[in-house]
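Following: one structure in structure tokens, then a few remarks.
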Amino acid sequence: MPKQVDHHERRESIALALWRVVDQHGWARASMREVAREAGVSLGQLQHYFSSRAEMLAFAMEFASEQTSRRVASTLRSLDQPPHPRDVLRVVLTEMLPLRPDSRATSRMNAAYVLEAMHDPSLRQQVGLGLRHGRALVESLIREAISQGHIRRDCDPVIETDLVLALTGLATLLDLNVIEPQAALAAIDQHLDRLFGPAS
């Protein structure tokens, strides 16, 4: 009996190969032929699963999002239950920064994804949808923290959401060695201390 191919597993292995190519060589080098070589499949096999670089990138980012969500959920389970909203925001923010090999690869993939979306209408729509969904989750958490008294009631949840999300911009500074990880974590902690601190 020939071995049955798990198509979803094969797509995930190709996505991981794309991560490695982008992480090590950049998006410009991530041709379908190069990704096929990294994944250990023929170009024809890869094209059976993905008809274009954009399609391959979109799937790889969906997979990356799933992996990030799993890491966040795993970390949150290790905290006091239910976790304090400050801790939830800190975990979410730190998982989006290139502080470990897996999150570094995700961060670089995300940068490539956003740049590619600037010139691809279908990707642009998908990227925008994903970012709006993520932003809505953060705003929901902040609104809930305000209603529970963890954040001052005079805070504007829309502005606070945007300020929290602005901290994800530290990813570029980390990736280019402009700042050290400790500096990024200190900036996050100081901002969250201010957000969740008592009224002055």
Side-chain angles (χ1 to χ4, degrees), residues 11-31 34-35 38-39 53-54 56-79 83 86-120 123-124 126-138 141-142 160-195:
R11 285 165 67 90
E12 288 186 350
S13 72
I14 292 171
L16 288 170
L18 176 60
W19 287 15
R20 291 192 296 273
V21 172
V22 171
D23 186 33
Q24 296 164 18
H25 307 293
W27 173 242
R29 287 276 304 277
S31 67
E34 181 66 18
V35 174
E38 178 67 29
R53 289 174 86 221
M56 183 172 60
L57 178 59
F59 177 81
M61 286 310 302
E62 287 177 13
F63 182 51
S65 179
E66 290 172 9
Q67 297 304 305
T68 300
S69 295
R70 287 177 189 161
R71 290 197 304 269
V72 167
S74 175
T75 304
L76 291 180
R77 282 194 297 271
S78 70
L79 302 178
R86 183 197 186 281
D87 295 331
V88 176
L89 280 176
R90 190 180 193 278
V91 169
V92 169
L93 284 169
T94 54
E95 278 297 339
M96 296 175 75
L97 297 180
L99 298 172
R100 296 186 316 277
D102 51 359
S103 57
R104 185 190 69 195
T106 303
S107 176
R108 291 180 179 180
M109 284 294 302
N110 188 60
Y113 192 39
V114 170
L115 286 174
E116 191 72 4
M118 299 292 184
H119 308 286
D120 185 313
L123 274 184
R124 188 183 187 94
Q126 185 172 335
V127 172
L129 185 65
L131 289 174
R132 283 190 290 274
H133 175 69
R135 189 193 175 287
L137 290 176
V138 172
L141 181 62
I142 288 176
E160 296 303 337
T161 297
D162 293 338
L163 288 172
V164 165
L165 291 176
L167 291 168
T168 62
L170 293 169
T172 301
L173 299 179
L174 285 164
D175 239 346
L176 295 176
N177 298 317
V178 176
I179 62 173
E180 296 294 324
Q182 296 83 352
L185 293 174
I188 289 172
D189 283 331
Q190 186 168 109
H191 179 79
L192 293 178
D193 286 345
R194 288 174 181 167
L195 180 60

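Given the structure is predicted, the values throughout are model-derived calculations rather than measurements. If you read the sequence from its start, that first residue is 1, and numbering goes on from there.
Scanning all heavy atoms of the two residues, the minimum distance from A60 to W19 falls at O-NE1, 3.5 Å. Residues S13 and A39 come closest through the heavy atom pair O-CB, 4.5 Å. Between L99 and P181, the closest heavy-atom pair is CD2-CB, 3.7 Å. Contact detail for A117 and R124: the closest heavy-atom pair is O-CB, 3.2 Å. Between E160 and L195, the shortest heavy-atom distance links the atoms OE1-CD1, 3.3 Å.
We find the CD1-CG distance between I142 and L89 to be 5.5 Å, quoted to the nearest 0.5 Å. Interatomic distance, L192 CG to D87 CG, rounded to the nearest 0.5 Å: 9.0 Å. One distance of note links CD1 of I188 with CG of L93; it measures 5.0 Å at 0.5 Å rounding. Atom-to-atom distance recorded for I179:CD1 and L173:CG is 5.0 Å, nearest 0.5 angstrom. Atoms CG and CG, from L123 and L115 in turn, are 11.5 Å apart once rounded to the nearest 0.5 Å. Here CG of N110 is found 8.5 Å from OG1 of T168. Values are rounded to the nearest 0.5 Å.
No side-chain heavy atom of L185 sits less than 4.5 Å from a side-chain heavy atom of Q182. Taking the side chain as every heavy atom from C-beta outward, F63 and T106 never approach each other to under 4.5 Å. Counting heavy atoms from C-beta on, the side chains of F59 and E12 come closer than 4.5 Å. Looking only at side-chain heavy atoms (C-beta outward), R53 and L18 stay at 4.5 Å or farther from each other. Considering only heavy atoms from C-beta on, M109 comes within 4.5 Å of L57 through its side chain. Side-chain atoms of D193 and R86, non-hydrogen and from C-beta on, do get closer than 4.5 Å to each other. Under the 4.5 Å side-chain criterion, counting only non-hydrogen atoms from C-beta, L141 is not in contact with V92. V88 has its side chain out of reach of L79: every pair of non-hydrogen atoms, C-beta onward, lies at least 4.5 Å apart.
No donor-acceptor distance shorter than 3.5 angstrom exists from the side chain of S65 to the backbone of M61, with no hydrogens or angles considered. A donor-acceptor pair is defined here as one N or O able to donate and one able to accept, closer than 3.5 Å; no such pair exists between the side chain of S103 and the backbone of E95.
Residue pairs meeting the side-chain hydrogen bond (donor to acceptor under 3.5 Å, both in side chains) criterion with at least one member in residues 126-137, sequence neighbours excluded: E62-Q126, Y113-Q126, R135-E139, R135-D162.
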Starting from the C-alpha separation in whole Å, work towards a yes-or-no answer on side chain to side chain donor-acceptor pair (under 3.5 Å) for R71 and Q67.
CA-CA 6 Å; R71 290 197 304 269; Q67 297 304 305; 5.7 Å; no
Walk me through whether R104 and D175 qualify under salt bridge (charged side-chain N to carboxylate O under 4.0 Å, His left out).
CA-CA 8 Å; R104 185 190 69 195; D175 239 346; 5.5 Å; no
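A 6.0 Å sphere centred on CD of E66 holds more than 12 heavy atoms belonging to other residues, nucleotides or ligands. Within 6.0 Å of atom CE in M56, more than 12 heavy atoms from other residues, nucleotides or ligands are found, so the atom counts as buried in its surroundings.
In this structure E34 satisfies the salt bridge (charged side-chain N to carboxylate O under 4.0 Å, His left out) test together with R37, sequence neighbours excluded.
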